[in-house]
Every structure is written in structure tokens, then in C-alpha cells.
Amino acid sequence: MNALLFPLLVARIIHPFGMIAPENSPQQFLCRAPGALITWLVLGAEAILLLARLR
């Protein structure tokens, strides 16, 4: 589980840079979507790992 902390940290740091970037700029596309996607992937992986622990 600790291995997922670094990707989550990076995603949460880069996402706001995409949010404040000018509309349709490369910075917006390189920061906003990947930041959100990585966040959701980490949260999904953590949920699966926690559910697997319950068994």
C-alpha cells in the first residue's frame, strides 16, 4: 500500500496546475487529466487491496 502513496502525492500536486492553466493549453492537458486519472486509479487499487484484506 505504501507504494501507492508517491503516485497519489504526485497526482494531487500536478492536478491543480492543470486547473489554473489557460484553457486548451498544453499545460492543462498534461496536468489536469493525468492528475485526476492517477488519483482515481490509486483510489481504486487501494479499495481492491482493502477488500482483499477482508477475506
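Worth knowing before you read on, the calculation uses all heavy atoms, side chains too, and leaves out hydrogens, waters and symmetry mates. We count residues from 1, following the sequence as given.
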- Message: Counting C-beta onward and ignoring hydrogens, is there a side-chain heavy-atom pair between Glu46 and Leu4 closer than 4.5 Å?
- Response: yes
- Query: Going by heavy atoms in the side chains, are Leu37 and Leu41 under 4.5 Å from each other?
  - Reply: yes
- Query: Which atom pair, heavy atoms only, marks the closest approach of Ala11 to Gly35?
  - Reply: CB-O, 3.4 Å
- Message: Give me the atom names and distance for the closest heavy-atom approach of Val42 to Leu8.
- Response: CG1-CB, 4.0 Å
- Message: Check for me, please, whether Trp40 and Ile48 land in the same ILVMFWY cluster - side-chain distances under 4.5 Å, paths through other members count.
- Response: no
Got a list of side-chain donor-acceptor pairs under 3.5 Å for residues 18-30, not counting sequence neighbours?
from: Ser25; atom 1: OG; to: Pro22; atom 2: O; distance (Å): 2.8
from: Ser25; atom 1: OG; to: Gln28; atom 2: N; distance (Å): 3.3
from: Gln27; atom 1: NE2; to: Phe17; atom 2: O; distance (Å): 3.4
from: Gln28; atom 1: OE1; to: Asn24; atom 2: N; distance (Å): 2.6

- Mind checking the OG1-NE2 spacing from Thr39 to His15? Nearest 0.5 Å is all I need. 7.5 Å
- Message: Let me confirm one number: the CG-CD1 distance from Leu43 to Ile38, rounded to the nearest 0.5 Å.
- Response: 12.0 Å
